[in-house]
**Q** 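Sharing a structure here in structure tokens format.
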Amino acid sequence: MKNLVLLLFIFSIIACSDDNFIRSDFERPRANQVVETAPIGKKIKKMNDRFGEHQYYYNSSGFIDSIYSRYRGQNSSGFDSFSIHKFNYNKSNKLIFIANLNAEGSIENPINKNESENHFTYNKLNQIIEERYYIKSNGSTQTIKYEYNNDGSLKSNNKYYLNGNLIVEKSNNEVYTYSHNDKTNPFYNIYTKAYKVIRSIDKNDRILIEITANGTFFAEYFITYDNDNYKINEHLKYPVVDFYNTYEYY
């Protein structure tokens, strides 16, 4: 029953999407455009973290179709809010927009619903050069523009990349340096190439964070892998706090 309600929610947020944003993207001719294929590998089915529980669903091309999350709260079920993110593509598997729904309560009895959309514009290299965030309640739009280095990585004054991984990130007076192993980050398997770049989704699993801010300290990942080298348990240990994630796969 809950899966049926989830499907109805997903169809409803697509149906309510603003045609002025999406019509030209879906109807524009796509001559000589290469169809992107999803990376080969396991797909995340369910992930649990400190915020709640996240379920992942995929389209026939192997890219993420929708994410349904329940967030932990104070009620008897352990969850008091949820979100749905529906990813929409054209015929070449280019991500055109994401429809978002956030609400309190349960998916069966939602309250205080907030809807928004992320729309993407591309250049001739199939790189995302503009993202428009549309808030439906007040009709406002926020725009982010993206530029790229010659190697295709995102141009940034505070982020540095190597071999598909974010390796250094600067924030105010803090510097984060990330180390990775050679295992595939499961999130790398589910999104399009252009989307992974703007969201800084690493190709490999992080194993260590060096944090420099009035001194240096470390946060270390302790990871358990299955027989296919995909992580199933992840423990991120900071000096004063610990975070735990679990993963299930299709």
Side-chain angles (χ1 to χ4, degrees), residues 2-17 21-22 25-26 30 33-49 51-71 82-103 107 115-122 126-128 131-134 144 146 154 164-166 183-206 226 228-232 234 245-250:
K2 180 168 290 186
N3 286 338
L4 177 60
V5 175
L6 175 60
L7 287 173
L8 292 174
F9 256 96
I10 291 172
F11 287 137
S12 70
I13 60 178
I14 297 172
C16 293
S17 296
F21 278 101
I22 66 175
D25 290 308
F26 281 112
R30 300 293 169 181
Q33 188 170 91
V34 176
V35 176
E36 184 175 351
T37 57
I40 297 174
K42 284 188 171 181
K43 306 293 183 183
I44 302 172
K45 179 179 182 180
K46 183 178 178 181
M47 193 264 277
N48 287 279
D49 59 18
F51 301 109
E53 174 186 283
H54 315 278
Q55 298 179 43
Y56 296 78
Y57 303 89
Y58 300 87
N59 60 27
S60 58
S61 298
F63 289 112
I64 189 68
D65 177 85
S66 51
I67 304 172
Y68 167 49
S69 299
R70 297 191 298 165
Y71 302 102
F82 70 92
S83 68
I84 299 173
H85 304 283
K86 176 67 175 72
F87 293 69
N88 299 271
Y89 307 82
N90 67 10
K91 293 181 179 180
S92 298
N93 290 331
K94 180 180 287 187
L95 178 63
I96 302 302
F97 78 101
I98 306 171
N100 312 292
L101 172 67
N102 294 274
I107 194 169
E115 297 180 60
S116 62
E117 296 171 1
N118 299 72
H119 294 259
F120 305 99
T121 302
Y122 294 77
N126 286 331
Q127 297 167 322
I128 295 172
E131 178 178 2
R132 290 175 293 167
Y133 179 62
Y134 171 58
I144 302 174
Y146 299 101
L154 196 65
N165 295 313
L166 176 63
K183 305 296 191 299
T184 299
N185 173 16
F187 293 99
Y188 194 81
N189 287 345
I190 68 178
Y191 298 108
T192 61
K193 180 179 178 180
Y195 186 78
K196 286 185 288 195
V197 172
I198 67 167
R199 293 293 185 260
S200 297
I201 296 174
D202 289 330
K203 182 178 181 179
N204 302 111
D205 286 336
R206 290 179 183 173
D226 64 14
D228 298 310
N229 286 325
Y230 282 86
K231 57 188 175 187
I232 53 176
E234 184 177 51
N245 299 334
T246 62
Y247 299 83
E248 298 176 18
Y249 300 92
Y250 287 101

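FYI, the numbering just counts along the sequence from 1. Note: hydrogens, waters and symmetry copies are ignored here, and every other heavy atom, side chains too, is used.
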**Q** Evaluate the side-chain proximity of Tyr68 to Lys46: yes if any heavy-atom separation is below 4.5 Å, no if none is.
**A** no
**Q** For Asn118 versus Phe120, what's the shortest heavy-atom pair and its separation?
**A** O-CE1, 3.6 Å
**Q** Is Lys43 reaching over with its side chain to a backbone N or O of Gly62, donor-acceptor style, under 3.5 angstrom?
**A** yes
**Q** Sub-3.5 Å donor-acceptor pair from the side chain of Tyr249 to the main-chain atoms of Lys231, do we have one?
**A** yes
**Q** Could you check whether Lys42 makes a cation-pi contact with Tyr250, meaning its NZ or CZ is under 6.0 Å from the centre of the six-membered ring and within 45° of the ring axis?
**A** no
**Q** Do any N or O atoms from the side chain of Asn100 and from the backbone of Glu115 form a donor-acceptor pair under 3.5 angstrom?
**A** no
**Q** Quick one: OG1 on Thr192 to CD1 on Ile64, what's the gap to the nearest 0.5 Å?
**A** 11.5 Å
**Q** How close do Lys91 and Val35 get, counting heavy atoms only, and between which atoms?
**A** O-CG2, 4.1 Å
**Q** Would Ile198 and Glu131 count as a side-chain contact (heavy atoms from CB on, under 4.5 Å) if you check the C-alpha gap in whole Å, the side-chain angles of each, and the deciding distance to 0.1 Å?
**A** CA-CA 10 Å; Ile198 67 167; Glu131 178 178 2; 3.9 Å; yes
**Q** Rounded to the nearest 0.5 Å, how far apart are NZ of Lys196 and CG of Leu154?
**A** 14.5 Å
**Q** Using distance alone, with no hydrogens and no angle criterion, decide if Asn245 and Asn48 have a side-chain donor and acceptor under 3.5 Å apart.
**A** no
**Q** Look at the side chain of Tyr58 and the backbone N and O of Ile44, then say whether any donor-acceptor pair between them is shorter than 3.5 Å.
**A** yes
**Q** Is any side-chain heavy atom of Tyr89 closer than 4.5 Å to a side-chain heavy atom of Phe63?
**A** yes
**Q** First locate atom OG of Ser83, then atom CG of Asn102, and finally report the distance between them rounded to the nearest 0.5 Å.
**A** 5.0 Å
**Q** Is the shortest heavy-atom distance from the side chain of Ser116 to the side chain of Leu101 under 4.5 Å?
**A** no
**Q** With heavy-atom distances below 4.5 Å as the criterion, would you say the side chains of Tyr146 and Val197 are in contact?
**A** no
**Q** What I'd like to find out is whether the side chain of Ser69 reaches to under 4.5 Å of the side chain of Phe82, using heavy atoms alone.
**A** no
**Q** Do Gln127 and Tyr122 pair up side chain to side chain, a donor and an acceptor below 3.5 Å, judged on atom types alone?
**A** no
**Q** Less than 4.5 Å apart, any side-chain heavy atom of Leu166 and any of Arg206?
**A** yes
**Q** What closest approach, in Å, do Ser61 and Ala38 show between heavy atoms, and which atom pair accounts for it?
**A** O-CB, 3.5 Å
**Q** About how many Å separate NZ of Lys94 and CG of Asn126, when rounded to the nearest 0.5 Å?
**A** 4.0 Å
**Q** What is the distance from atom NE2 of His85 to atom NE2 of His54, rounded to the nearest 0.5 Å?
**A** 9.5 Å
**Q** So, Asp202 side chain and Asn165 main chain: donor-acceptor pair closer than 3.5 Å or not?
**A** no
**Q** Could you tell me how the ring of Tyr195 sits relative to the ring of Tyr191: parallel (under 30°), tilted (30 to 60°) or perpendicular (over 60°)?
**A** tilted
**Q** Regarding Lys86 and Glu117, does a basic nitrogen lie under 4.0 Å from an acidic carboxylate oxygen?
**A** no
**Q** Testing the 3.5 Å rule here: is there a donor-acceptor pair between the side chains of Tyr57 and Gln55?
**A** yes
**Q** So, are Arg70 and Glu53 salt-bridged, with charged N and O less than 4.0 Å apart?
**A** yes
**Q** Within this structure, what is the CG-CZ distance for the pair Asp65 and Phe87, rounded to the nearest 0.5 Å?
**A** 9.0 Å
**Q** Between Glu36 and Lys193 (side chain of the first, backbone of the second, donor and acceptor by atom type, cut-off under 3.5 Å), is there such a pair?
**A** yes
**Q** When Tyr230 is tested against each of Asn185, Asn189, Thr184 for side-chain hydrogen bond (donor to acceptor under 3.5 Å, both in side chains), which residue passes?
**A** Asn189
**Q** Are side-chain heavy atoms of Ile67 and Tyr56 found at a separation under 4.5 Å?
**A** yes
